[in-house]
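What follows is one structure encoded as structure tokens, with my remarks underneath.
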Amino acid sequence: MAIEKTFLMIKPDGVKRQVIGDIVNRFERRGFELKGAKLMVASREIAEAHYAEHADKPFFGELVDFITSGPVFAMVWEGENVISLARTMMGKTNPADSQPGTIRGDFAVTVAENIIHGSDSVESAEREISLWFGEGLA
Ligand code: DAT
Ligand code: MG
């Protein structure tokens, strides 16, 4: 285990549902530190780069449409083992499989609108932080 940084993003459904505060609060209470955050509408270019690993999937077009459909709340969090612990706190990709008490288990019911993104490895965290924030984090 190590001190890590991860990229988390509240998707347009989460921003519309007004659960930014609740979600930020969960990570603060767990003991993680917020290192950067911004509300922004993602360009198609950044959305396609972010989800490049899914470019061949049948849902890719809808995924990019959805992520660019309204503001997202992009964040960088730091802490011990934060990459994997944040994924546990988020719940499964499909909210139907997510336990109550997880973010997706509490706020979502369909995979297409599952409230939050979180990096899945050290490599993807580094790539995503640099894609969304560039340099200059606290
Ligand atoms: P995760 O977001 O848990 O890392 P992923 O990387 O497999 O999951 O997929 C990225 C996003 O794509 C996911 O959050 C929601 C969407 N998605 C995944 N599988 C899907 C499917 N079968 N139908 C529609 N959207 C899907
Ligand atoms: Mg993923």
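Heavy-atom basis, side chains included; hydrogens, waters and symmetry copies ignored.
- Under a hydrophobic clustering in which Ile, Leu, Val, Met, Phe, Trp and Tyr are joined whenever their side-chain heavy atoms come within less than 4.5 Å, directly or via other members, Val111 and Leu63 fall into different clusters.
- Looking at every heavy atom in both residues, Ala37 comes nearest to Phe73 through CB-CZ, 3.7 Å.
- In this structure Arg44 satisfies the side-chain hydrogen bond (donor to acceptor under 3.5 Å, both in side chains) test together with Asp65, sequence neighbours excluded.
- Glu78 contributes no side-chain N or O that, together with a main-chain N or O of Glu4, makes up a donor-acceptor pair within less than 3.5 Å.
- Between Trp77 and Phe27, the ring planes are tilted. Angles from 30° to 60° get that label.
- For Pro12 against Ile67, the heavy-atom pair with the smallest separation is CG-O, 3.6 Å.
- Counting non-hydrogen atoms of other residues, nucleotides and ligands closer than 6.0 Å to CD of Gln99 gives a total of 12 or fewer.
- Contact of the Asp22 side chain with the Phe107 side chain is registered, since non-hydrogen atoms from C-beta on lie closer than 4.5 Å.
- Here the CD1-CZ distance, from Ile10 to Arg17, works out to 12.0 Å after rounding to the nearest 0.5 Å.
- Counting all heavy atoms, side chain and backbone alike, Ala47 lies closest to Thr68 at CB-CG2, 3.7 Å.
- Residues Arg127 and His50 approach most closely at NH2-O, 2.9 Å, considering heavy atoms.
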ask   = Are Tyr51 and Lys57 close enough, and set up right, to give a side chain to side chain contact (heavy atoms under 4.5 Å, CB included), and what steps lead you there?
value = CA-CA 10 Å; Tyr51 281 125; Lys57 308 270 170 66; over 6 Å; no

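- Annotation: the span from Phe59 atom CZ to Phe66 atom CZ amounts to 13.0 Å, rounded to 0.5 Å.
- In terms of hydrophobic clustering, with Ile, Leu, Val, Met, Phe, Trp and Tyr side chains grouped at heavy-atom distances under 4.5 Å, Ile116 and Leu34 are assigned to a common cluster.
- Across all their heavy atoms, Val15 and Pro71 have their closest contact at CG2-O, 3.4 Å.
- At least one donor-acceptor pair under 3.5 Å links the side chain of Ser124 to the backbone N or O of Asp120.
- One finds the CD atom of Glu135 at 11.0 Å from the CD1 atom of Ile129 (value rounded to the nearest 0.5 Å).
- Counting heavy-atom neighbours within 6.0 Å of Glu80 CD, excluding the residue itself, gives a total above 12.
- The two residues Ala108 and Asn114 have their closest heavy-atom pair at CB-CA, 4.0 Å.
- Phe32 pairs by the ring pair (Phe, Tyr, Trp, His ring centres under 6.0 Å) definition with nothing, not counting sequence neighbours.
- By the 4.5 Å heavy-atom criterion applied to side chains, Lys16 and Asp13 are not counted as neighbours.
- A salt bridge links Glu33 to Lys35: at least one charged side-chain nitrogen sits closer than 4.0 Å to a carboxylate oxygen.
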Could you pull out every donor-acceptor pair under 3.5 Å between side chains of residues 85-93 and any protein atom, sequence neighbours left out?
unit_1, atom_1, unit_2, atom_2, d
Arg87, NH1, Gly118, O, 3.0
Thr88, OG1, Ser84, O, 3.1

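- The pair Asp106-Arg26 meets the salt-bridge criterion, since a charged nitrogen lies less than 4.0 angstrom from a carboxylate oxygen.
- The aromatic rings of His117 and Phe7 lie tilted to each other, with the angle between the two planes from 30° to 60°.
- The closest side-chain heavy-atom distance from Val122 to Ile83 is below 4.5 Å.
- For the atom pair OG1 (Thr6) and CD (Glu128), the distance works out to 7.0 Å, reported to the nearest 0.5 Å.
- In this structure, Ile23 and Ile115 have side chains that are in contact, with non-hydrogen atoms separated by less than 4.5 Å.
- Cluster membership for Val41 and Val64, using ILVMFWY side-chain heavy atoms within less than 4.5 angstrom, is not shared.
- For the atom pair Met40 CE and Met9 CE, the distance stands at 9.0 Å (nearest 0.5 Å).
- With hydrophobic clusters built from ILVMFWY side chains whose heavy atoms lie under 4.5 angstrom apart, Val19 shares a cluster with Leu39.
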